[in-house]
Amino acid sequence: QVQLVESGGGSVQAGGSLRLSCAASGRIFRINDMAWYRQAPGKQRELVASIIRGGSTNYLDSVKGRFTISRDNAKNTVHLQMNSLEPEDTAVYYCNARVVTTSTPVSTAVYWGQGTQVTVSS
C-alpha cells in the first residue's frame with residue numbers, strides 16, 4: 001500500500017557529509033511521524049532521528065549537532081543531513097514512517113524503506 005524509497009547513501013571519509021532522502025508513495029492520506037534508524041553489523045537497530053508532522057525533532061545523543069532531520073509534508077519526503085561523519089556512523093540507514101492510509105476503513109501502519117548503506121572510513 002505504501003512504499004518508502006531511500007537514496008543518498010555512499011562512502012565518505014571521516015569528517016565528510018552525506019544527505020539521505022526518503023520518498024513515500026502509495027495510498028497515503030497523511031504521514032504522522034517520520035524517522036531514520038540505522039543498524040551496524042552485529043548491533044541492534046537504533047533510532048537516529050525523528051520528526052513529527054509539526055516539525056519537532058528528536059536525536060540520538062551521539063549525532064546531536066552533526067545530523068539534521070527535515071521533512072516536506074507536501075512531497076511526503078524526509079531527509080537526513082549528516083555532517084562531520086565518523087567511522088562509528090557506518091551502518092545501513094532505514095527510513096521509517098507512520099502513515100494513515102486511504103484504505104477503507106482508514107488505518108494507520110508503520111512502513112520501512114529498504115535501507116541504504118553509509119560507510120565512513122577513517
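Worth knowing before you read on, the calculation uses all heavy atoms, side chains too, and leaves out hydrogens, waters and symmetry mates.
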**Study point:** Donor-acceptor under 3.5 Å (T90 side chain, V120 main chain)
**Key:**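 Indeed, once roles are kept as given, a pair shorter than 3.5 Å links the two residues.
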Point to revise | Side-chain donor or acceptor of R53 paired with backbone N/O of M34 under 3.5 Å | key: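 No, because the side chain of R53 does not come within donor-acceptor range (under 3.5 Å) of the backbone of M34.
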Would you name the heavy atoms of [X] and [Y] that are closest together and state the gap between them?
X   : Y   : answer
L18 : L85 : N-CD1, 3.8 Å
K43 : Q39 : O-NE2, 3.1 Å
L4  : A24 : CD2-CB, 3.3 Å
R38 : A91 : CB-CB, 3.8 Å
Q81 : S17 : NE2-CB, 4.0 Å

Check your understanding: When you look at R19 and L80, which way does the side chain to side chain contact (heavy atoms under 4.5 Å, CB included) test go after all the steps?
Key -> CA-CA 6 Å; R19 179 177 172 84; L80 185 67; over 6 Å; no
Exercise for review: Show your working on side-chain hydrogen bond (donor to acceptor under 3.5 Å, both in side chains) between H79 and S70 and close with a plain yes or no.
Suggested key: CA-CA 5 Å; H79 308 280; S70 61; 5.3 Å; no
Exercise for review: Among S121, P87, S122, find the residue that satisfies the side chain to side chain contact (heavy atoms under 4.5 Å, CB included) test when tested with Q13.
Suggested key: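 The single option meeting the side chain to side chain contact (heavy atoms under 4.5 Å, CB included) with Q13 is S121.
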Should [X] and [Y] count as side-chain neighbours, where that means a heavy-atom distance under 4.5 Å?
X   : Y    : value
I28 : N76  : yes
V99 : N32  : no
F67 : V48  : yes
Y59 : S50  : no
N96 : Y111 : no

Review point. Any link between I31 and V100 through a network of hydrophobic side chains (Ile, Leu, Val, Met, Phe, Trp, Tyr) touching at under 4.5 Å?
Key: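 I31 does not cluster with V100.
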Check your understanding: Side chains of S84 and E86: do they bring a donor and an acceptor to under 3.5 Å?
Key ->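 Checked: S84/E86 side chains show no N/O donor-acceptor pair below 3.5 Å.
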Check your understanding: Using a distance-only test with no angle check, is there a side-chain donor-acceptor pair under 3.5 angstrom linking S107 and T101?
Key ->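 There is such a pair (donor and acceptor under 3.5 Å, judged by atom type) between the side chains of S107 and T101.
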From [X] [atom1] over to [Y] [atom2], what is the distance, rounded to the nearest 0.5 angstrom?
X   : Y    : atom1 : atom2 : value
C95 : Q114 : SG    : CD    : 9.0 Å
T68 : N83  : OG1   : CG    : 6.5 Å
W36 : M82  : CH2   : CE    : 8.0 Å

Review point. More than 12 foreign heavy atoms under 6.0 Å from NZ of K64: is that the case here?
Key: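 Yes - once you tally the heavy atoms of other residues, nucleotides and ligands closer than 6.0 Å, there are more than 12.
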Review point. Around atom CZ of R66, are there more than 12 heavy atoms of other residues, nucleotides or ligands at under 6.0 Å?
Key: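 Check passes, neighbour count above 12.
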Review point. Using links of under 4.5 Å between side-chain heavy atoms of ILVMFWY residues, direct or through other members, which residues join W112 in one cluster?
Key: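 Y37, L47, V92, Y94, V110, all in the cluster of W112.
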Review point. Excluding sequence neighbours, so at least two apart, what forms side chain to side chain contact (heavy atoms under 4.5 Å, CB included) with T116?
Key: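 T116 satisfies side chain to side chain contact (heavy atoms under 4.5 Å, CB included) with E6, L20, Y93 only.
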Exercise for review: Tell me, please, which residues at least two apart from D72 pass side chain to side chain donor-acceptor pair (under 3.5 Å).
Suggested key: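 Once residues adjacent in sequence are excluded, D72 has no partner under the side chain to side chain donor-acceptor pair (under 3.5 Å) criterion.
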